[in-house]
Colleague: 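I have a structure here, written as structure tokens, and I will follow up with some questions on it.
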Amino acid sequence: MIGVFDSGVGGLTAVSAFDRLLPQCDIVYFGDTARVPYGTKSKAVIEKYAFQDCRFMLSEGVKAILAACGTVSSNCLDELKEALEVPVTGVVEPAAKKAYETAARSNRTIAVLGTSATVRSGAYEREIRKYGDGTEIISIACPLFVSLVENGRVGADDEIANIAVREYLAPIIPISPSAVILGCTHYPLLSEVIAKYLPESALINASEEAVRSLCSLVGEDDSVCGRSGARRFYVSDDPEGFAESGRAFLGHDISDRVNYVNIEEF
Ligand code: DGL
């Protein structure tokens, strides 16, 4: 059984990737809906929350953890890896690798879109640079995107979404980067709007790349993944609201599988 967590609904983009790539894997999902957003918090607070989230999932018996949150992955993945007794992976490394490979075949320009805390950390840039120099990297914090997604304002013609996307992407629209990392797990829901302004760029879904990489590491190992395809969801506030978003993210009803947990106890 794999534990997947995020500050809220964003990590459901990873669950959706599991549904497609490794449907038989058992998943316990935790969404910290009481404390979202993480992307505006300090590193110390993000780390404290991430440890509580992981301790809860470990209490549920998970055998590996995916931090399906760009903010956690870029601010405290090493600390989690070091302290926890199960393997922990994040979304930064796989997305950085895919972006580098994509950019190397084209104009060698990569844009990283993320929360303020993700951009401040510089984690995506550091990871991309490990593959070598010669790529131009432009990072842009897009703090309003999380609220747009949380409020379902993601349609290609949604006026507010279009204004926000146009505004944030203004510095890169003329450049048309080869690869654009959707470095926050909420952002793939805005893909249709983003693609309107960057039609030539490959949009890299960090959640999907992380699940692909996890599949190649443990996908065959039933003792880690399980094999009944069970999905259990826990949130720290508003299970009904989460279930509603879940339908939009996953395309099916999860209301009978969402439960409340008091995360402050962990
Ligand atoms: N989905 C999260 C991320 O990937 C966090 C959004 C937030 O809580 O600010 O960064």
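Quick note: residue numbers are just sequence positions, from 1. Start at 1 and go down the list; that is how both ligands and their atoms are numbered.
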Colleague: Judged by modelled atom types alone, do Glu127 and Tyr100 share a side-chain donor-acceptor pair under 3.5 Å?
Modeller: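 Distance-only check fails for Glu127 and Tyr100.
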Colleague: Mind checking whether His186 has an N or O less than 3.5 Å away from an N or O of ligand 1?
Modeller: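 N/O-N/O distance below 3.5 Å exists for this pair.
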Colleague: If the condition is ring-ring contact (aromatic ring centres under 6.0 Å, His included), which residues does Tyr49 pass it with, not counting sequence neighbours?
Modeller: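 Result, ring-ring contact (aromatic ring centres under 6.0 Å, His included) vs Tyr49: Tyr38.
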Colleague: Please identify each residue that fulfils salt bridge (charged side-chain N to carboxylate O under 4.0 Å, His left out) with Lys43, with sequence neighbours left out.
Modeller: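 Checked Lys43 against salt bridge (charged side-chain N to carboxylate O under 4.0 Å, His left out); matches are Glu47, Glu79.
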Colleague: Within a distance under 4.0 Å of any heavy atom of Cys69, pick out the atoms of ligand 1 and give their elements.
Modeller: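 In order of number, 2 (C), 3 (C), 4 (O), 5 (C), 10 (O).
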Colleague: Check Val36 against ligand 1 and report side chain, backbone, both or neither, counting heavy atoms closer than 4.0 Å.
Modeller: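 Contact part for Val36 vs ligand 1: side chain (C-beta onward).
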Colleague: Short list, please: which atoms of ligand 1 are under 4.0 Å from a heavy atom of Pro37?
Modeller: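 Matching atoms, with element in brackets: 7 (C), 8 (O), 9 (O).
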Colleague: Can you check which of Ser147, Ser74, Ser7 brings a heavy atom nearest to atom 5 (C) of ligand 1?
Modeller: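 Minimum heavy-atom distance to atom 5 (C) of ligand 1 goes to Ser7.
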Colleague: For Gly70, is at least one N or O under 3.5 Å away from an N or O on ligand 1?
Modeller: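 Yes; at least one N/O pair falls below 3.5 Å.
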Colleague: Does Glu244, at its CD atom, have more than 12 non-hydrogen atoms belonging to other residues, nucleotides or ligands within less than 6.0 Å?
Modeller: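 Atom CD in Glu244 is not packed in, count stays at 12 or less.
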Colleague: Which of these passes side-chain hydrogen bond (donor to acceptor under 3.5 Å, both in side chains) with Ser178: Thr109, Thr135, Asn107?
Modeller: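 Single pass found, and it is Asn107.
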Colleague: Need the ligand 1 atom indices (1-based, order shown) with element for anything under 4.0 Å from a heavy-atom of Asp6.
Modeller: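 What qualifies from ligand 1 is 1 (N), 2 (C), 5 (C).
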Colleague: With only distance considered, is Gly39 within less than 3.5 Å of ligand 1 through an N or O on each side?
Modeller: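 Among all N and O atoms of Gly39, at least one is under 3.5 Å from an N or O of ligand 1.
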Colleague: Which ligand 1 atoms, with their elements, are less than 4.0 angstrom from a heavy-atom of Tyr38?
Modeller: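 What qualifies from ligand 1 is 7 (C), 8 (O), 9 (O).
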Colleague: Is the closest side-chain donor-acceptor distance between Asp237 and Thr33 under 3.5 Å?
Modeller: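 Their side chains do not contain a donor-acceptor pair, so the 3.5 Å distance test is not met.
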Colleague: Please say whether Thr115 places an N or O atom under 3.5 Å from an N or O atom belonging to ligand 1.
Modeller: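 No - when backbone and side-chain N and O of Thr115 are compared with those of ligand 1, no distance drops under 3.5 Å.
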Colleague: Taking a hydrophobic cluster as the set of Ile, Leu, Val, Met, Phe, Trp and Tyr residues connected by side-chain heavy atoms closer than 4.5 Å, whether directly or through intermediates, do Val218 and Val4 fall within one such cluster?
Modeller: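 Yes: a chain of side-chain contacts under 4.5 Å links Val218 to Val4.
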Colleague: One residue to check: Thr71. Relative to ligand 1, which of side chain, backbone, both or neither has a non-hydrogen atom less than 4.0 Å away?
Modeller: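 Both parts.
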